Amino acid sequence: MLNINMLLMSAWVTGLLGLIIGLAVAVPVTFFVIQKINKNKAEKDKASAKSLLEEAKNEAKNLKKEAVLEAKEEAFRLTSECDQELKARRAEMQKAENRISQREEFLDKKEELIEKKNEQIEKIKEDLADKENELKKSQEEQNQITEKMTKELERIAKLTKDEAKKELISKYEEDAKKDAAVLVRNIENQAKDEAYKKAKEIVTLAIQKTAVDHTSEVTVSTVALPNDEVKGRIIGREGRNIRALESATGVDLIIDDTPEAVVLSSFDPVRREIARISLEKLILDGRIHPARIEEMVDKVTKDIENTIKEEGEAAVFDAGIHGMHPELIKLLGRLKYRTSYGQNVLKHSLEVCYLAGLLAAEVGANVQIAKRGGLLHDIGKAIDHETEGTHVTIGVDLATKYKESKEVIHCIAAHHGNVEFESLEAILVQTADAISSSRPGARRETLEAYIKRLTQLEEIANNFKGVDTSYAIQAGREIRIIVKPNEVSDEQALFMAKDIAQKIEKEMEYPGQIKVNVIRETRNVDYAK
């Protein structure tokens with residue numbers, strides 16, 4: 001047993017020694033082999049790098065050669081282009097030199113011609129100087145002869161030169177005035193005949209095509225009552241009802257001894273209309289107290305606002321005008337409740353619109369501008385009691401604010417002659433305004449204003465020299481002036497009529513036109529005994 005273990009131990013030791021010896025021999029051999037392999041690989045890498053370097057050098061040489069060739073070709077191309085450009089510039093310079101040389105030759109020739117002309121001018125100057133001296137001598141001789149003749153004529157006529165000149169001038173001046181007056185009268189008569197026929201035809205046609213109703217309105221409205229007992233109910237206990245109505249409407253109520261009637265007074269026609277309708281509805285309803293009054297006034301105010309809008313829209317529709325600002329349409333509707341000398345302004349504006357459009361169509365003007373200007377010419381009257389300034393100024397401001405055209409604004413500004421006319425349409429609007437306002441029955445004025453206008457007419461006429469008497473007739477539409485025949489000639493009477501008419505135009509305001517009739521009459525009276 002012991003021997004077996006020893007044999008096994010000896011075999012294990014022998015195996016271990018063999019393994020150690022094998023490892024000792026294998027390790028150096030393996031290191032050597034690895035070193036050999038690395039050496040061979042390094043040599044191969046070195047040879048490969050060398051071959052790559054050679055290839056790179058060859059490629060660089062080839063690229064260099066190609067770049068040199070391209071540079072040479074580019075240099076050759078640029079050189080050829082420069083040569084061509086130089087040739088072209090040389091050709092242009094040659095042409096310019098040729099032109100300059102031709103210009104110099106032309107200038108030389110021209111200079112020679114100028115020198116020749118200067119020589120001719122000098123000769124002409126010398127000839128003129130000689131002739132001028134001769135003329136001076138002859139003029140002096142003529143002056144001496146004229147002086148002698150003048151002295152002889154003064155001696156014969158017993159008049160000096162200045163006296164004779166004045167007498168001759170005065171004679172010619174008088175004859176010229178007579179001839180001018182006759183010529184002016186003939187031209188005026190001829191122009192009046194032709195213009196009257198044409199104007200009569202156009203205006204008559206326009207008036208025939210236009211027909212509007214006329215209503216007379218004033219600044220007061222009357223409300224009819226079923227009986228006088230209603231007056232007490234309107235006044236109310238301690239006047240509370242009448243105060244409530246006046247406070248709500250801004251209108252004065254006049255309750256007097258007039259049987260079965262109450263008068264409403266206000267300069268604002270819209271408020272007056274609201275008060276009238278409210279009072280009529282309160283009387284029909286029978287309930288008259290402050291709360292009911294305020295409720296009724298509010299309701300009627302809304303109704304009137306709707307009515308104003310509808311009236312404005314109807315006016316614009318009837319006139320055939322489109323594209324007007326809504327605020328201008330409302331202002332047009334307010335004109336339904338506005339009057340001027342008793343004439344309803346909305347109806348007057350529509351009438352002017354129609355007339356201006358018809359006149360424009362007859363004379364070839366712009367019909368739309370004329371109609372638009374005619375409809376809006378009095379738009380300032382819608383708020384003239386609320387805003388400072390004339391209705392013309394207010395109307396221009398409103399039309400400008402709401403983007404109306406310059407032509408329409410000019411029609412509004414010029415319809416009373418405040419500015420010079422710049423368009424035919426503006427003249428037609430003024431003409432239509434005069435036709436509408438001056439037709440019989442269209443307007444009425446107060447007795448005081450009427451008498452004042454007649455008095456002013458006669459005063460203007462009487463201030464002229466040579467006027468004997470003057471009479472304003474035809475409701476102030478004509479003034480007849482009788483002149484003194486021994487102080488005013490027929491020619492002077494013609495010019496006097498023009499001067500009086502111009503002064504009336506400058507100093508007075510009046511509807512339509514005023515005829516100035518100057519009468520010169522000579523009477524010779526004798527008695528048979």
Side-chain angles (χ1 to χ4, degrees), residues 191-192 194-210 212 312 315-325 327-329 331-332 335 340 345-382 384 389-439 442 501-502 505-506 509-514:
K192 282 180 180 178
E194 295 176 359
Y196 180 75
K197 290 178 183 178
K198 187 65 178 175
K200 185 177 180 182
E201 179 183 349
I202 293 172
V203 173
T204 304
L205 180 63
I207 292 174
Q208 285 175 349
K209 292 181 179 179
T210 307
V212 295
V316 173
F317 179 79
D318 292 341
I321 293 173
H322 308 285
M324 187 174 291
H325 196 280
E327 291 300 323
L328 282 179
I329 294 175
L331 291 172
L332 275 174
L335 294 179
S340 178
V345 178
L346 179 58
K347 292 183 178 180
H348 166 66
S349 298
L350 280 169
E351 187 173 353
V352 173
C353 171
Y354 299 147
L355 289 170
L358 294 169
L359 293 172
E362 291 293 330
V363 300
N366 191 312
V367 176
Q368 286 301 316
I369 291 176
K371 291 178 71 176
R372 205 176 187 102
L375 186 63
L376 296 175
H377 78 286
D378 274 345
I379 194 67
K381 289 184 178 180
D384 60 350
T390 64
H391 76 278
V392 176
T393 305
I394 297 169
V396 169
D397 293 339
L398 288 172
T400 305
K401 179 180 178 181
Y402 296 117
K403 309 300 181 184
E404 285 294 323
S405 64
K406 293 182 180 178
E407 294 82 2
V408 174
I409 294 171
H410 176 64
C411 291
I412 297 171
H415 82 275
H416 277 312
N418 296 331
V419 298
E420 294 184 3
F421 292 111
E422 297 177 0
S423 65
L424 180 57
E425 292 79 12
I427 298 173
L428 295 178
V429 169
Q430 188 197 46
T431 304
D433 183 32
I435 294 171
S436 174
S437 60
S438 62
R439 63 183 174 83
Q502 289 177 358
E505 289 175 358
K506 290 180 181 178
E509 292 184 2
Y510 49 89
Q513 62 182 10
I514 296 175

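These figures come from a predicted structure and were not determined experimentally. By convention here, the first residue in the shown sequence is residue 1.
- Expressed to the nearest 0.5 Å, how far CD1 of I321 lies from CD1 of I329 amounts to 10.0 Å.
- Looking only at side-chain heavy atoms (C-beta outward), L332 and L376 come within less than 4.5 Å of each other.
- At least one donor-acceptor pair under 3.5 Å links the side chain of K371 to the backbone N or O of A319.
- Across every non-hydrogen atom of A315 and L350, the tightest pair is O-CD2, 3.6 Å.
- Residues K381 and I394 fail the side-chain proximity criterion, which asks for heavy atoms closer than 4.5 Å.
- Applying side-chain contact (heavy atoms from CB on, under 4.5 Å) to R372 and the options H377, H322, E404 leaves one that passes, E404.
- To the nearest 0.5 angstrom, I409 atom CD1 is 10.5 Å from L398 atom CG.
- Between V367 and A360, the closest heavy-atom pair is CA-CB, 4.0 Å.
- The backbone N or O of N366 sits less than 3.5 Å from a side-chain atom of E425, completing a donor-acceptor pair.
- In terms of heavy-atom proximity, A413 sits nearest to V392 at O-CG1, 3.7 Å.
- Among all heavy-atom pairs drawn from A382 and L331, the shortest one is CB-O, 3.5 Å.
- The shortest non-hydrogen separation linking G395 to I412 is C-CG2, 4.0 Å.
- Under the rule for a ring pair (Phe, Tyr, Trp, His ring centres under 6.0 Å), the partners of H391 that lie at least two apart in sequence or sit in another chain are H415, H416.
- H410 and F421 have perpendicular rings, their planes meeting at more than 60° on a 0 to 90° scale where under 30° would count as parallel.
- Crowding of F317 atom CZ: a count of heavy atoms from other residues, nucleotides or ligands under 6.0 Å not exceeding 12.
- A salt bridge does not link E327 with K401: every distance from a Lys NZ or Arg NE/NH1/NH2 to an Asp or Glu carboxylate oxygen is 4.0 Å or more.
- Interatomic distance, CD1 of I379 versus OG of S349, reported as 7.0 Å (0.5 Å rounding).
- Between the CG atom in L375 and the CG atom in L328 there is a gap of 9.5 Å [rounded to 0.5 Å].
- Here the SG-CG distance, from C353 to D433, works out to 12.5 Å after rounding to the nearest 0.5 Å.
- Interatomic distance, L346 CG to E351 CD, rounded to the nearest 0.5 Å: 11.5 Å.
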